[in-house]
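Below: the structure, in structure tokens.
In listed order, ligands and their atoms are each counted from 1. These numbers come from the heavy atoms of this one structure, side chains and all, not from hydrogens, waters or symmetry mates.
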Amino acid sequence: MSPPFFFRCINSDCGRELDAQLNIYECPECHDLLDLVYNFPDLDPDELKATFRKRRQSYYPLDQSGVWRFREFLPFEKGDYELAVTFGEGNNPVIDAPRAAEYVGLDSLSVKHLGWNPTGSFKDYGMTIGVTQARKLGVSAVACASTGNTSSSMAAYAARAGLKGIVFIPEGQVAFGKLAQTMEYGAVTVQIEGDFDAAMQLVRELSSSTGIYLLNSINPFRVEGQKTVAIELLDQLDWQVPDRIVLPGGNLGHSAALGKALYELRQLGLIDSIPKLTIIQASGASPLHSMLASGLETLRPFTSARTSATAIKIGSPVSWKKALRSLELSDGWCDAVNEQEIADAKAILGRDGIGCEPASATTVAGLKKLLEATHKEDPVTIHPGERVVAILTGHQLKDPEYTADYHFGKLELDSRDGDSREIESKFSNPPLRVAPDIDKIRALLQL
Ligand code: F0G
């Protein structure tokens, strides 16, 4: 009997198939990335949609999770469900952002805010699955390299599962909210004198020499959990496929996952068209955009990535081939925006009452750029009437320093690397100063 799911090397010249219960993340033959591939049983798409909806009314913990609710698309069998490590993640609403829509030049814009997850970022969607698999494999320790959010999420889920968590972070380049979470959840935090890409390389070496379970998105199980972002979104939209989904790009695991979800949803007949995926990178850390813009076939890493959106300060994204596949599947594109554009877009989202961390604001900045006639060189045309969903990935309070600096007019580009360049705080809203005198206060407030 064929297994319900297995690993397959993504390299079509290799295509090696392997047992999904092996503690591996790359093909032993050609060292390319691995996919989890399903032998899906015959499933009626309408029944499946009805099941997903019915589970929303259930108090069963797996039904209350916006990841496990979609378990037909996850690499576990019934007997594994009691191992699930869940905080009831997901369930993040889709909301309108009218001021941001006007700012970018769209008739309307929806955002799905994944920062409203248990640890404040989208990583929880993948981590519940990754840590559950770690528990299934019986490992005692899990590890990751991170720009901050993966580490906070892994630390929390590892604590929940009683596993030792080890995180590698680039010293001085992780927003404080994220570092604070990681320490609180009891993970061993190793600060590397180097950037994320160096930390990633080290943790890969550590895990292959020790068997410690690696929980970066290079791990196919992480990608499977992350997929449910797209499934949940389509469910929330009552399966009306939007024209475009815009998301930030860093290590590119999220882009890989959303493309895979859309592929499988179409394969099983839950949708019959695919929204265009539009990945936005920070220009100082945009190797995928550079590759596409220059028509190259292979990605050239940025040796020294730069951006104050520290979550996506990554020069050598491990999942770029899978992300490229997502773009090919969806007729999508990857663009890049500068620091000023990111900072302003974040402030505009704030005007809609929607806070997010800088990396998430690349989505709105990217939309504005693509809708502006001045950027005609990009091979993407967005029409103002398109139905667009922007995926916001991290909570505003992950990096409050960035927000405060913007509003106080003190934000500088990548100041940690010494090459400071001030950002113009076009939409700042600093506090007013006034003497403790009611008349002066009334005059100031024009009341
Ligand atoms: N947005 C936020 C808030 C992130 O933390 C990340 C990645 C991304 C977007 C990009 O997602 O890597 O899948 O392309 N953060 C990772 C981390 C790298 O370590 O927390 P991606």
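- Considering backbone and side-chain atoms together, Ser255 places no N or O closer than 3.5 Å to any N or O of ligand 1.
- For Ile279, the heavy-atom gap to ligand 1 stays at 4.0 angstrom or more.
- Defined by atom type and a distance below 3.5 Å, a donor-acceptor pair is present between the side-chain atoms of Thr307 and Glu339.
- Residue Lys123 holds the heavy atom nearest to atom 7 (C) of ligand 1 of all those in Lys313, Lys123, His254.
- The shortest contact between atom 6 (C) of ligand 1 and any protein heavy atom is with Phe122 CE2, 3.6 Å.
- Looking only at protein heavy atoms, the nearest one to atom 2 (C) of ligand 1 is Thr393 OG1, 3.4 Å.
- Each of the following atoms of ligand 1 lies closer than 4.0 Å to a heavy atom of Ile314: 18 (C).
- Against a heavy-atom cut-off of under 4.0 Å, Ile312 is close to the following atoms of ligand 1: 8 (C), 9 (C), 10 (C).
- For atom 20 (O) of ligand 1, the choice among Thr362, Thr310, Thr150 with the nearest heavy atom turns out to be Thr150.
- Set against the non-hydrogen atoms of Asn149, the atoms of ligand 1 under 4.0 Å away are 2 (C), 3 (C), 4 (C), 5 (O), 20 (O).
- The neighbour count for Phe87 CZ, taken as heavy atoms of other residues, nucleotides or ligands under 6.0 Å away, is above 12.
- Numbered from 1 in the order shown, with element, the atoms of ligand 1 that lie under 4.0 Å from a heavy atom of Asn251 read 12 (O), 14 (O), 21 (P).
- Considering backbone and side-chain atoms alike, Gly250 places an N or O below 3.5 Å from some N or O of ligand 1.
- The aromatic rings of His395 and His113 are tilted relative to each other, their planes meeting at an angle between 30° and 60°.
- When each of Leu33, Ile24, Asp19 is paired with Phe7, the side chain to side chain contact (heavy atoms under 4.5 Å, CB included) condition holds for Ile24 and for no other.
- Heavy-atom contacts from other residues, nucleotides or ligands closer than 6.0 Å to CZ of Arg160 number 12 or fewer.
- The 12-atom threshold is not exceeded at CZ of Phe408, counting heavy atoms of other residues, nucleotides or ligands nearer than 6.0 Å.
- An N or O contact shorter than 3.5 Å links Leu252 to ligand 1 by distance.
- Of the residues listed (Leu349, Val246, Ile354), the one engaging Val364 in a side chain to side chain contact (heavy atoms under 4.5 Å, CB included) is Leu349, and it is the only one.
- Taking the six-membered ring where tryptophan is involved, the planes of Phe73 and Phe52 are tilted, since the angle between them lies from 30° to 60°.
- In Glu184, the CD atom is not crowded: 12 or fewer heavy atoms of neighbouring residues, nucleotides or ligands sit closer than 6.0 Å.
- Within 6.0 Å of atom CD in Gln340, more than 12 heavy atoms from other residues, nucleotides or ligands are found, so the atom counts as buried in its surroundings.
- Residue Glu357 has no N or O atom closer than 3.5 Å to an N or O atom of ligand 1.
- Enclosure of atom CD in Glu193 is not indicated, since only 12 or fewer non-hydrogen atoms of other residues, nucleotides or ligands lie within 6.0 angstrom.
- Using a 4.0 Å cut-off to heavy atoms of Thr147, the atoms of ligand 1 that qualify are 15 (N), 16 (C), 17 (C), 18 (C), 19 (O), 20 (O).
- Per-residue contacts place Ser146 under 4.0 angstrom from the following atoms of ligand 1 (heavy atoms of the residue considered): 17 (C), 19 (O), 20 (O).
- With a 6.0 Å radius and a threshold of 12 heavy atoms from other residues, nucleotides or ligands, Lys136 has its NZ atom above the threshold.
- For ligand 1, none of its N or O atoms has an N or O atom of Ser217 under 3.5 Å away.
- For ligand 1, the polar-atom distance check finds an N/O of Gly253 within less than 3.5 Å of one of the ligand's N/O atoms.
- By the 3.5 Å distance cut-off applied to N or O atoms, Lys178 is not counted among the residues near ligand 1.
- The shortest heavy-atom distance from Gly249 to ligand 1 is under 4.0 Å.
- In the vicinity of Ala359, heavy-atom distances shorter than 4.0 Å reach the ligand 1 atoms 1 (N).
- Atom CZ of Arg16 has more than 12 heavy atoms from other residues, nucleotides or ligands within 6.0 Å.
- Ligand 1 places these atoms under 4.0 Å from at least one heavy atom of Ala311: 2 (C), 3 (C), 4 (C), 5 (O), 6 (C), 7 (C), 15 (N), 18 (C).
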